[in-house]
Amino acid sequence: MTCARSAGILLALLSPREGARPRVARAGSPRGISSAGRALQWHCRGQGFDSPILHHVPFRAPFRGAEERDGRLRGAPPTGAGPNERSRMTELAHPDRLQKLAALRAKGRDPFPARGVEHEPIAGLIAAGGTLEAPGPRLGTKACIAGRLLTVRDFGKLMFAPVLDRTAKIQVGFQKTRLEGWWEERKLLDGGDQVAIRGELGRTQKGELTVWADEVLLLAKTLAAPPEKWHGLVDVEQRYRRRYVDLWASEGVREVFVLRSNMISLIRRFLEARGFLEVETPTLHPIAGGATAKPFVTHHNALDSDFYLRIAPELYLKRLIVGGLERVFEVSRNFRNEGISTRHNPEFTMLELYQAQADFRHMMAHTEELLEHLARTLLGRTALEFRGKPYELKAPFQRRRYDELFREANGCELLDRTAVARRAQELGITLPPRPGASAEAHHWALATEIFDHTVEPLLEGPVFVTHFPTPISPLAKCDPADARYTERFELFLGGMELANAFSELNDPQEQQRRFEEQVASKDPEAPGEVDLDYVQALEYGMPPTGGLGIGLDRLAMVLANQNSIRDVLLFPTLRPQHSS
RNA sequence: GGGCGCAUAGCUCAGCCGGUAGAGCAACUGGCUUUUAACCAGUAGGUCCCAGGUUCGAUCCCUGGUGCGCUCACCA
């Protein structure tokens, strides 16, 4: 599990530009909260979600029919839920909570009111609460918060419970003397409930910043019991399937996703500042191109045509370079019908960018600058730890040629077919049979396999592996000095491929020839046909162009120090659960 | 797809050699005005993942299945 982080860090993540200075909502009297007496239920007086449309809806008891249905379905009678009522709920709904729900309704309280309330972010309160030594300016003033009530500690005439909103967590103190009319009703409140609290900002005897409640409003009853308070959700499957619980019940989970979101936001700003235009290209592709991978197949009924879910946006983005957009990028969800591992999810997010009048050296510079910028902004430093090892994201990164790495690790030349075949035998590497594949194709498939086994796992990095062989780089332009290699690099970190870039091949005739070689290689993952439409696009002339792809899930893993790609995906792909 | 492992109360986990099940937290009842994994006393809560098999008897042993994790293979 991830370690706990302070609210200060979360705050910094939430507003990377503003640092630890969150915007505090107006501190006066928030609208929508009855300030007279000990209001038990606030009324709907334009509470934060005002809109002209809502104003024109004539007031009446809403959804009476639905209420009655709900009353039978969910509102178990106060004496206890019968087996029939129980069986009609999901098994997560707790009988005690169903009873409390019914008791609330019996008292005339709406356990699921239609309106939220205007409130201020808890992080703002904390920032303005000061320390014990130097009390903050807000102590003693009124405050209104809204969020999820966590573990309740009841002392008979006193009760404490933290409330968590999107920004932070603060303790709420409930005193009988402050909440005379409401006190008995506290028993209908449970850990996990959505509440709004209006009260006074103060401290306890131990010095903990606390909102002393004057008014309590239930915003939504929680029928499912929250997970164990100390461990949170531990079962990995449950964490992924019920991420909506994991996000607030497990320490550090939300911070990872806030970091991921901020990372993508920073990438957009970084590229926009350099004149790149964000575009969206199709997800449904007639030919699965731009990478070698097994695609998902789907079908369009009206066109009566099969489509592939995109394995890469590359060929469409380069069409836009032909179209003159010159600098484009896409944050692209890609789909590959392959295995699942700690580094692979069937759908994953890539950044791809293309820049006219640039080549792979510019892409290298972009990569270094972007990664260093992200580390500095998100973590405040370029040194980081990933999977227990230290890394340094300060540019420039190391550069190593593909053929040199191959020679060092295997003691033979990449181009020497006999030596490569012998080496493959040594390592026990075999390839699935590809009837009709040429000796050339076989050699490169073996060489790639050997490289992946003997070099990649050792590349701690960050390191740019450059000059990939031409036969395994069908979309890259050849090195002008040696056509056997290309102007291509991949960035490795922690034995993991993070980025892939090249000087884009823009000669349509050579591109067509390379596509044809790919088809002839019988590689089961290569496209089954030549993308002639793309070749035609190149015939209209694509300027010299550099292209770069960065795996954003993997980058998020590195920056958030998460071991599994599933820990940086809100809802990783899981086998569907049987309904029976 | 292969190998290894896991599945017991709402949650986290025990359960010896095969004899129908236990703790902590959560819940419920009572007590407590400064706790923060609150505490104290009590109560209730189970299709031991599913289906077969062996056995007088299976949470436990065997077979098959389901789900998940780790790992290998391919990809990024």
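Letters A, B, ... mirror the listed sequences (proteins, then strands); counts begin at 1.
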Exercise. Where does B:U20 land, syn or anti, once you apply the within-90°-of-0 test for syn?
Worked result: syn
Side-chain donor-acceptor contacts of residues 488-496 of chain A below 3.5 Å, not counting sequence neighbours, with atom names and distances?
unit_1, atom_1, unit_2, atom_2, d
A:Arg488, NE, A:Asn500, OD1, 3.1
A:Arg488, NH1, A:Ile472, O, 3.1
A:Arg488, NH1, A:Ser473, OG, 2.8
A:Arg488, NH2, A:Glu490, OE2, 2.9

Exercise. Are A:Asp553 and A:Arg260 ion-paired here, with the side-chain N under 4.0 Å from a carboxylate O?
Worked result: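 Yes, this pair counts.
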Exercise. Is it true that atom OH of A:Tyr391 has more than 12 heavy atoms of other residues, nucleotides or ligands lying nearer than 6.0 Å?
Worked result: yes
Problem set entry | Footprint string (nucleotides 40-45 of chain B, 5' to 3'): B base within contact, S backbone only, - free, heavy atoms under 4.0 Å | ------
Check the interface with nucleotides 23-26 of chain B: list each N/O to N/O pair with the protein under 3.5 Å, or write none.
unit_1, atom_1, unit_2, atom_2, d
B:G24, N2, A:Glu228, OE2, 3.4
B:C25, O3', A:Lys229, NZ, 3.1
B:A26, OP1, A:Lys229, NZ, 2.8

Exercise. Would you say a side-chain N or O of A:His453 is under 4.0 Å from OP1 or OP2 of B:A73?
Worked result: yes
Exercise. Quick one: salt bridge (charged side-chain N to carboxylate O under 4.0 Å, His left out) partners of A:Glu338, sequence neighbours excluded?
Worked result: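 By the salt bridge (charged side-chain N to carboxylate O under 4.0 Å, His left out) rule, A:Glu338 matches no residue at all.
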Problem set entry | Minimum-distance nucleotide (side-chain atoms of A:Arg242 versus B:C11, B:U12, B:A76) | B:C11
Seminar exercise, completed: As its Watson-Crick or G-U partner within any shown strand, both distances under 3.5 Å, B:A73 has none
For this session: Determine the interatomic distance between C1' on B:A51 and the same-named atom on B:U66; round to the nearest Å.
Result: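 After rounding to an integer number of Å, I get 11 Å for this pair.
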Problem set entry | Gap in Å between the two C1' atoms, one belonging to B:U20 and one to B:U59, rounded |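 Approximately 10 Å lies between the C1' atom of B:U20 and that of B:U59.
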For this session: Assign each of A:Thr573 and A:Gly339 to its nearest nucleotide of RNA chain B by heavy atoms, then name whichever residue's nucleotide is nearer the 5' end.
Result: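 Looking at RNA chain B, the more 5' nearest nucleotide goes with A:Thr573.
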Please enumerate all protein N or O atoms sitting under 3.5 Å from an N or O of nucleotides 32-34 of chain B, with distances to 0.1 Å.
unit_1, atom_1, unit_2, atom_2, d
B:C32, N1, A:Phe155, O, 3.4
B:C32, N4, A:Gly156, N, 3.3
B:U33, OP2, A:Phe155, O, 3.4
B:U34, O2', A:Gln205, OE1, 2.6
B:U34, O2, A:Gln205, N, 2.9
B:U34, O4, A:Gln175, NE2, 3.3

For this session: Would you confirm whether the ring centroid of A:His467 sits within less than 6.0 angstrom of the ring centroid of A:Phe360?
Result: yes
For this session: Could you list the residues that satisfy side-chain hydrogen bond (donor to acceptor under 3.5 Å, both in side chains) with A:Ser503, not counting sequence neighbours?
Result: A:Glu487
